[in-house]
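Data first, discussion second: the structure below is written as structure tokens.
Here is how names work: the chains are called A, B, and so on, in the same order as the sequence lines, proteins then strands, and each is numbered from 1.
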Amino acid sequence: MRTLPPAFHDWFASRGWSPHPHQQEMLERADAPSLLLIAPTGGGKTLAGFLPTLAELADGRHRGLHTLYVSPLKALAADIGRNLRAPVAEMDLPIRIEDRTGDTSYTQRQRQRGDPPHILLTTPESLALLTSYEDAPRIFAGLSRVIADEIHALAESKRGDQLMLALARLQTLRPNLRRVGLSATVEDPAAIASFLARHPDPCPILYADPGPDPDIAMLTTDAAPPWSGGGAAYAIQAVLEQVRRHRTTLIFHNTRAQAEIFFHNLWLANDEGLPIGIHHGSLAREQRLKVEAAMVAGELRAIVATGSLDLGIDWGDVDLVIQVGAPKNVKRLVQRIGRANHRYNAPSKALLVPANRFEVVECVAALEAVRARDLDGEPRGRGPRDVLCQHILITACAGPFDAGDLYREVTSAGAYATLTQAEFDACLDFVATGGYALRAYDRWQRLKRRADGLWQLRDPRAARDIRMNLGTIMDTDLVKVRLRGRGGGTPLGEIEEGFAATLTPGETFLIGGQIVRYEGLREMIVEVTRRADREPRIAAFMGTKFATSTQLSHRILRMFEQQAWPELPRHTAEWLALQRRVSHLPQADRILVESFPWEGREHTCIYGFAGRNAMQTLGLLTTQRMDAAGLDPLGFVANDYAVLIWGLGRLEDPTPLFEGEGLREAFETWLAGNAVMKRTFKSVATIAGLIPRNNAQGQRRKARQTSFSSDILYDTLRRYDPGHLLLEVTREEALRGLVDFGRIEEMLARTAGRIDHVSLDRVTPLAAPLFLEPSRVPVEGRGTERLLEEEAARLMAEAGLEAGGPLVRQR
Amino acid sequence: MNHHAFTLGGAALAALPSGALWWPEVDLLAVSDLHLAKSERVARRSGAMLPPYDSRATLARLRAEVSRLAPRTVICLGDSFDDLAAAGSLRPDERTDLAALQEGRDWVWIEGNHDPGASSHGGRHLRELRVGPLVFRHIAEDGAAGEVSGHYHPKARLALRGRAINRPCFLYDAARVVLPAYGTYTGGLDWCAPPLRRLFPGAACAVLTGTHARAVPVPAGERAASR
């Protein structure tokens, strides 16, 4: 059994601590080639990961880099650095610890390459960059351990795939490299283990004591939640009361826009002036750092946040977590709850605040799932090939390579273990020549095969561009927002370019909890002032809209089978009972379709419980079919459980709408021309290295005339090269993500053509909230043209212009 | 025919939804900024290998227009090739396509800043061309009248009840018209950008391209103030 050096024992003893059992076990199994630790938040996970490193470095004999620590957040790397340096200093250990992220200075980074520290704390992107240097073998010469922190979060995105490809590279350089993964509680630990380990190595999993069950409940308020919406304004007073009663409260929201509105309302009601901050990914870095510092200093009583606080930065004294809005996903809820009470073996305390009536049902279902420890999750797909293309480019930057060796190395990453030789070859061909059916770039290809069979960059100067475009995070078209003022003004954050385009001077919007007034656009920066004289529009943030998970949807459908609902508040139970009386409650094995007139339009409501993205897709598909059937649909709106369609004709028979074969076919046609596909293509093409990233450095758009939209590339490829690799990758990705056709197929499978069609003369209770949902979608095509025609006519008339007449110059 | 009719210097013109300009009286078709073989130039200069189908896509659209209208004269208003080396890089089938288009009509290449001097492709090469009351050149000139030009790739931006529309457009007033870029791989310059403001200081009209040619007045004042 491996034991700690004496200095460690003294240090633990001086604090009255002793190592947790899982920390001891990590030490004992330090020689395992890979090891996964699953521990709840606050379980001393990080120290468990580092103890073997500290023990191995304690004698001061190791030269060069020993341990690489990779985390998904720059802030986390910095935070861990602080936490680690304290014991190292107190035990007087001869260990140098440094971090290296996008924020590290150029001189510091250069120095680190020449003289690496013992422990380097970094992010997947910075690590990928390190592996792209020609001197990578020297930088990593002493490397012995890699710790991948928050690996459950990394595994959910392409950043994790990039990290695992980089580890495959490192493993070639250092065959005895040991891998350690640190993960929060997940539904499928084995999947994370095989993601982490070198394929097909085994990866033992250690479980820390999960601790006591959380103390979790739904917040009860005097006022009933509204029928619709996500603001939860009704609960402001009750939430403030909770903030008063606790030391520090984290208030989580599902989207940035909701966080902004809630924070705004909280301030309006905050008569005592309790110190409350806001934190989300669209705020300027300066603003975020300020909030983080205040939080660490214990100056804040509450912080309104989104997923940007999901990961394990230690915020100290949080004693309550409030989740506003339905949690959508039980696993994330559990991880969020863990943010409260960062002390081991003390129950975390959390409250759920449903934002509307339907979310009451979802919250109750989620509470039951948490108590049953029934976590959800979609299985992870295969490693995406756009990331592989980038990895090939990174490899080429580091020097000439052998394609066979690279294929073997890549398939040692779990996510790429099933990658075929042909698939790999197609990626290599794309990187080298563009991979087009028309062989056009013989002279200008990116990679060349040398006489000795190795591949290398045709032009070594290309390495610089490749490094600049490295990474898999997409900041899709954001523009910066600044307060107008001297010296450029204070940065406030970022909004979507599309939203900025719809602003007119004088309009107001919310950002960072302030109402600001749009003044103008200067050099792609939105300039605003603090003159808030109008109701704000809400800034449109790119933040992911999570769909309610399959498991949670099924739980809700099971609740609907009950005869009565004693676990629900009365207002909600009565609402469901009324729905059952006038129509049906949706059932898991049937599709419920309701048709009714409202305000002179025919309405159709389809309950599919397939999650927001899939219901949105179903809306697009069914309106297309209704259009073909002459029912003249005009628009639709979707939420997590239903889609509501309005139009001129009344639906008599819904059966043809759901015939699987035709639906798939319609889907294929629709999918190809869809905006979601174009957005996905842009990200895929950027990651794969076809188009340069929109760099925030202000150099983008310098010459607008020469830059053109990636949509054009998408349309061109679709027309002239429909089998191209990037189209294939795009399709694969859209199917999984925003389009979510998989869940429509799941819905079709479980209902198997059993459709209940109810015709009524009025709106049903369950459909009513959909009338209040925002983000209504007009039926595309003729609709847009008609809008444009009307607007053009209006503008021409207003300007006193006559279409076709000569213009009289006004001077 | 779906188009927007207007007059310039007494000539009755039609702005077509494709971005081409049609002068029926003299059977003249004008297009601007084809940027043929742009993908080749991008690959040569930056190493990025864009889908190499832009030239055939541009030529296919032009062919559809030419076979429908059967113009006696076609004027390409400059930047027809992304550069002179690109002009030499058209593939054999693309050359054949181009030659077929030129067959039996007066074909005029106006010089642009990307393609000064003559290329090896048929047709006349001119710096500018006068036809009746109109003058055709690549870049608009101060004080011109009856001028048809390209170069700027104007693009209109409209907010329609909360959704933004962004489309290449014609811009015209009593003195001139600036054509949108016709080439497949072309971007655009905002219709309110300073250079276009200077060309159109007073009331101007934009014609949006797309499925229909739609006329819209160019917004005056405020946006220009935010320069």
To the nearest 0.5 Å, what is the distance between CZ on A:R458 and CZ on A:R443?
9.5 Å

Please classify the contact of B:L8 with chain A as side chain, backbone, both or neither, using a heavy-atom distance under 4.5 Å.
neither

Applying the side chain to side chain contact (heavy atoms under 4.5 Å, CB included) criterion to B:L21, which one of B:L28, B:V31, B:L16, B:V148 satisfies it?
B:V148

Region of B:R56 in contact with chain A, defined by heavy-atom distances below 4.5 Å:
both

Report the residues that fulfil ring-ring contact (aromatic ring centres under 6.0 Å, His included) with A:F430, sequence neighbours left out, ordered by chain and then residue number.
A:H724

Using a cut-off of under 4.5 Å on heavy-atom pairs, state which of A:T433, A:L438, A:I712, A:D721 scores highest against chain B.
A:L438

Side chains of B:H138 and B:N113: donor-acceptor distance under 3.5 Å anywhere?
yes

Is a side-chain N or O of A:R467 found less than 3.5 angstrom from the main chain of A:S132, in a donor-acceptor match?
yes

Looking at B:K155, B:E40, B:M49, B:R91, which makes the most heavy-atom pairs under 4.5 Å with chain A?
B:M49

Is A:A437 in contact with chain B via its backbone, its side chain, both, or neither, using a 4.5 Å heavy-atom distance?
both

Would you say B:H153's side chain and B:G187's backbone share a donor-acceptor pair under 3.5 angstrom?
yes

Heavy-atom donor-acceptor pair, B:D115 side chain to B:G112 backbone, under 3.5 Å:
yes

Report the C-alpha separation of B:V178 and B:L199 in whole Å, then their side-chain angles, then the decisive distance to 0.1 Å, and conclude whether the side chain to side chain contact (heavy atoms under 4.5 Å, CB included) test is met.
CA-CA 9 Å; B:V178 174; B:L199 284 179; 4.3 Å; yes

If you check every heavy atom in residues 57-66 of chain B against those of chain A, which residues fall under 4.5 Å?
B:A57, B:A60

Output the option from B:D54, B:V207, B:T184 having the highest count of non-hydrogen pairs under 4.5 Å with chain A.
B:T184

Between B:R214 (side chain) and B:L208 (backbone), is there a donor-acceptor pair under 3.5 Å?
no

For A:Y441, which atoms come within 4.5 Å of any heavy atom of chain B: side chain, backbone, both, or neither?
side chain

Distance (rounded to the nearest 0.5 Å) between A:L717 CG and A:F681 CZ:
5.0 Å

Contacting region of B:S39 [heavy-atom separation from chain A under 4.5 Å]
both

